[in-house]
Amino acid sequence: MHSHQEEQEFLKNYRLEDYPRPSVTADIAVFSLHNKIQPGYRKEPEKKLCLLLIQRGNQPFKDCWALPGGFLQPGETVEVCAGRELKEETCADVNLLRHIGIFSQPERDPRGWIISNAFLSVLSEEKLQNMEIQGADDASCAKWFDINISEINGSFILKLENDDISIKSKLQLKKNQFDMPEFEITENGGLAFDHAKIIISALMYLRNEAEEFRLIFDFLPEKFTLTELQKTQEAITGTPVLTANFRRKIASCVVETKDFTEGAGHRPARRYCRKK
């Protein structure tokens with residue numbers, strides 16, 4: 001039977017410092033879609049999936065590119081830590097966080113035993129219009145990178161590009177000792193720590209969600225066309241789909257509005273919103 005007095009006596013003599021403890025961090029993979037204008041005024045802009053990275057201003061990995069993130073502070077949750085670090089380092093403010101995994105490989109950080117809680121977030125172009133993304137705190141700068149990924153027999157090449165900056169990481173999909181899938185970095189390509197592993201894990205999580213029509217709405221404004229919605233899913237998954245099949249599957253997830261698109265060169269298209 002539980003004894004409150006015995007418990008209090010135990011806690012009085014308990015010394016937490018007698019046990020080894022890791023430091024805890026939060027790292028955040030923030031995705032967005034940017035429009036790439038195509039030649040020809042009748043052509044719809046191509047949507048490109050992008051990832052927000054910061055350039056580290058301090059050692060270790062000084063001047064390398066990394067995910068925004070930092071150390072958990074006393075009295076805060078890892079979710080609060082993730083939001084705080086993201087805002088401090090990039091000036092971005094998000095209201096969506098998805099926990100995608102814990103990265104605890106003993107040698108993942110040269111500073112010592114540091115466990116990372118990895119999160120995924122999304123910023124729509126509409127929200128970005130009211131934000132000025134820039135490096136701050138211990139990040140010397142912050143930039144959006146186009147994402148390209150290719151895979152052959154479990155070997156992945158992750159390419160991140162921004163103007164004249166190109167990062168190419170190589171990873172291998174394996175199973176760990178508990179028979180769970182895990183990525184192993186064979187070449188980090190200039191990314192700090194094990195962030196190539198976190199990025200590709202976040203991307204796979206995002207693709208799985210998009211295939212089931214989850215999270216794709218967070219990339220779009222409140223009202224959108226079905227073509228915009230389809231292009232969003234295709235940009236995230238990297239796989240084109242037949243329009244008829246897409247519209248049949250998405251029908252139960254959207255509601256028609258009375259709004260139509262406007263603009264020369266295009267036939268007006270009805271706008272929809274997400275079904276609540």
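- Residue pairs meeting the ring pair (Phe, Tyr, Trp, His ring centres under 6.0 Å) criterion with at least one partner in residues 127-171, sequence neighbours excluded, are His34-Trp144, Trp65-Phe145, Phe156-Phe183.
- Within 6.0 Å of the CD atom in Gln59, the count of heavy atoms belonging to other residues, nucleotides or ligands exceeds 12.
- For the residue pair Lys168 / Asn148, no side-chain donor-acceptor distance below 3.5 Å is found, with atom types taken as modelled.
- Looking only at distances, a side-chain donor or acceptor of Glu151 sits under 3.5 Å from a matching main-chain atom of Asn153.
- Counting heavy atoms of neighbouring residues, nucleotides and ligands inside a 6.0 Å radius, atom CD of Gln5 does not exceed 12 of them.
- Side chain of His195 to main chain of Ala66: no donor-acceptor pair is present (N/O by atom type, distance under 3.5 Å, no hydrogens or angles).
- In terms of modelled atom types and a separation under 3.5 Å, the side chain of Ser121 and the main chain of Leu96 share a donor-acceptor contact.
- At distances below 3.5 Å, at least one donor-acceptor pair connects side-chain atoms of Arg271 with backbone N or O atoms of Phe260.
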Step by step, work out the side chain to side chain contact (heavy atoms under 4.5 Å, CB included) result for Leu173 and Ile200.
CA-CA 10 Å; Leu173 182 60; Ile200 198 167; over 6 Å; no
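- When atom types are taken as modelled, the side chain of Arg270 and the backbone of Thr257 share a donor-acceptor pair closer than 3.5 angstrom.
- Surrounding CD of Gln172 are more than 12 heavy atoms belonging to other residues, nucleotides or ligands, all under 6.0 Å away.
- Checked options Asn95, Asp218, Asp93; the residue passing with Lys127 is Asn95 (criterion: side-chain hydrogen bond (donor to acceptor under 3.5 Å, both in side chains)).
- Atom CG of Leu11 has more than 12 heavy atoms from other residues, nucleotides or ligands within 6.0 Å.
- Shown here is Tyr14, whose OH atom has more than 12 heavy atoms of other residues, nucleotides or ligands within 6.0 Å.
- The pair Arg108-Asp194 meets the salt-bridge criterion, since a charged nitrogen lies less than 4.0 angstrom from a carboxylate oxygen.
- Looking only at distances, no side-chain donor or acceptor of Glu85 sits under 3.5 Å from a matching main-chain atom of Pro68.
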Verdict with reasoning, Leu49 to Leu33, per side chain to side chain contact (heavy atoms under 4.5 Å, CB included)
CA-CA 5 Å; Leu49 184 65; Leu33 284 178; 4.0 Å; yes
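- Side-chain atoms of Asp137 do not come within 3.5 Å of backbone N or O of Ala139 as any donor-acceptor pair.
- For the pairing with Phe31, the side chain to side chain contact (heavy atoms under 4.5 Å, CB included) check across Ile147, Ile236, Leu123 returns one residue only, Ile147.
- Remark: side-chain polar atoms of Gln55 are paired, donor with acceptor, to backbone N or O of Asp63 under 3.5 angstrom.
- Side-chain atoms of Thr186 come within 3.5 Å of backbone atoms of Lys170 as a donor-acceptor pair (strictly under, hydrogens ignored).
- Taking the six-membered ring for Trp and the full ring otherwise, the centers of Phe224 and Phe217 sit less than 6.0 Å from each other.
- Without hydrogens or angle criteria, Gln233 side chain to Phe213 main chain gives no donor-acceptor distance under 3.5 Å.
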